[in-house]
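Here the structure comes first, spelled out in structure tokens, and everything after it is commentary.
Computed from heavy atoms alone, side chains included, the values below leave out hydrogens, waters and symmetry copies. Bear in mind the structure is a predicted one, so any value in this text is a computation, not a measurement.
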Amino acid sequence: MPHCILECTKAVAAQVPVDRMMRAVHDAALASELFTVGDVKIRVLVHEHSLVGGINADFVHVFAYVLTGRSEAERKTLSAGIVRGLAALVPAVQAVSCDVREMDRATFSNRRNAGIDA
């Protein structure tokens with residue numbers, strides 16, 4: 001954890017290489033001191049069409065999914081760090097945001113806890 005889904009407009013992805021945006025999210029997740037390097041997973045969705053406040057405008061948003069058990073303050077530290085890192089890359093983009101969502105630890109499965117990899 002976390003699983004981060006970075007979404008942005010096509011124009012933002014053309015302006016800043018996607019790998020730099022992923023690195024900013026990765027570095028912010030590590031700086032939160034909540035995760036180790038191997039824990040951070042990032043995916044990117046680039047949108048060709050969007051409206052922000054009813055107009056065609058650029059945005060960058062991250063959904064960061066973490067397992068339950070993190071405090072509100074820890075989740076806020078994570079989201080603020082991600083926003084700061086991305087905003088530094090795209091200072092002209094006003095819509096830069098992050099939402100940290102909790103995944104239920106009891107129902108989350110991966111290869112290890114599903115008994116596939118011991």
Side-chain angles (χ1 to χ4, degrees):
M1 287 303 127
H3 288 269
C4 299
I5 302 169
L6 187 152
E7 298 187 17
C8 67
T9 58
K10 186 176 177 180
V12 169
Q15 176 186 350
V16 177
V18 170
D19 61 332
R20 285 188 59 207
M21 288 189 282
M22 288 192 301
R23 179 57 55 190
V25 173
H26 185 268
D27 291 349
L30 290 181
S32 74
E33 299 184 350
L34 299 172
F35 314 102
T36 64
V37 171
D39 294 333
V40 183
K41 296 151 188 86
I42 303 166
R43 299 178 282 292
V44 178
L45 297 171
V46 177
H47 298 278
E48 189 158 340
H49 306 285
S50 66
L51 291 176
V52 176
I55 61 170
N56 186 3
D58 291 326
F59 77 90
V60 179
H61 180 76
V62 175
F63 291 101
Y65 294 90
V66 300
L67 289 173
T68 53
R70 309 285 184 199
S71 71
E72 185 176 292
E74 289 171 324
R75 295 190 314 270
K76 178 62 178 178
T77 296
L78 175 61
S79 68
I82 288 171
V83 168
R84 281 192 301 272
L86 290 170
L89 291 177
V90 291
V93 177
Q94 292 302 303
V96 179
S97 55
C98 178
D99 180 18
V100 177
R101 298 183 176 199
E102 291 184 294
M103 299 186 314
D104 185 6
R105 189 175 294 272
T107 59
F108 174 78
S109 294
N110 60 15
R111 292 177 66 95
R112 185 181 56 241
N113 68 18
I116 297 169
D117 295 336

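- Legend: residues meeting ring-ring contact (aromatic ring centres under 6.0 Å, His included) with Phe63, ordered by chain and number and at least two apart, are His61.
- A 4.5 Å side-chain heavy-atom check between Phe108 and Thr68 finds every atom pair outside the cut-off.
- Surrounding NZ of Lys41 are more than 12 heavy atoms belonging to other residues, nucleotides or ligands, all under 6.0 Å away.
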Cut-off 3.5 Å, no hydrogens considered: what does the side-chain donor-acceptor table look like for residues 22-31, sequence neighbours left out?
unit_1: Arg23; atom_1: NH1; unit_2: His26; atom_2: ND1; d: 3.2

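- Taking every heavy atom of both residues into account, Ala57 and Thr9 meet most closely at O-CG2, 3.8 Å.
- Ile55 and Val60 are assigned to two separate hydrophobic clusters, defined by single-linkage of ILVMFWY side chains at heavy-atom distances under 4.5 Å.
- Proximity of Leu34 to Arg70: side-chain heavy atoms (C-beta onward) are separated by under 4.5 Å at one or more points.
- Taken from SG in Cys8 to CD in Gln15, the straight-line distance is 10.0 Å, to the nearest 0.5 Å.
- Taken together through direct or relayed side-chain contacts under 4.5 Å among Ile, Leu, Val, Met, Phe, Trp and Tyr, Val96 and Leu51 form parts of separate hydrophobic clusters.
- Residue Asn113 comes nearest to Ser109 through the heavy atom pair OD1-CA, 3.1 Å, listed as atom of the first residue, atom of the second, then distance.
- Closest approach of Pro91 and Ala88 over heavy atoms only: CD-O, 3.8 Å.
- Every residue meeting the side-chain contact (heavy atoms from CB on, under 4.5 Å) condition with Ala80, not counting sequence neighbours, appears here in chain and number order: Arg84.
- Here the shortest heavy-atom pairing between Val18 and Ala13 reads CG2-CB, 4.0 Å.
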Next on the checklist: Show, in sequence, the C-alpha distance, side-chain angles and deciding distance for Glu74 and Val66, and conclude whether the side chain to side chain contact (heavy atoms under 4.5 Å, CB included) test is met.
Outcome noted: CA-CA 11 Å; Glu74 289 171 324; Val66 300; over 6 Å; no

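- When hydrophobic clusters are built by joining Ile, Leu, Val, Met, Phe, Trp and Tyr residues whose side-chain heavy atoms come closer than 4.5 Å, directly or via intermediates, Val62 is grouped together with Leu45.
- With sequence neighbours excluded, no residue forms a side-chain hydrogen bond (donor to acceptor under 3.5 Å, both in side chains) with Gln94.
- Across Ser50 and Asn56, no two heavy atoms sit closer than the pair O-OD1, 3.6 Å.
- In the hydrophobic clustering of ILVMFWY residues, with side-chain heavy atoms under 4.5 Å counting as a link, Ile5 and Phe59 come out apart.
- In terms of the side-chain hydrogen bond (donor to acceptor under 3.5 Å, both in side chains) criterion, residue partners of Thr36 (sequence neighbours excluded) are, by chain and number, Asp39.
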Next on the checklist: For a side chain to side chain contact (heavy atoms under 4.5 Å, CB included) check, start with the C-alpha distance between Leu86 and Leu6, then their side-chain angles and the critical distance, and finish with the verdict.
Outcome noted: CA-CA 10 Å; Leu86 290 170; Leu6 187 152; 4.1 Å; yes

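- Hydrophobic clustering (ILVMFWY, side-chain heavy atoms < 4.5 Å, transitive): Met103 and Ile42 are in one cluster.
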Checklist entry - Between Arg20 and Leu89, does a side chain to side chain contact (heavy atoms under 4.5 Å, CB included) hold up when you go through it step by step? => result CA-CA 8 Å; Arg20 285 188 59 207; Leu89 291 177; 3.2 Å; yes

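- The shortest side-chain heavy-atom distance between His3 and Arg43 falls under the 4.5 Å cut-off.
- Qualifying side-chain hydrogen bond (donor to acceptor under 3.5 Å, both in side chains) partners for Asp99, counting only residues two or more places apart in sequence or in other chains: Arg101.
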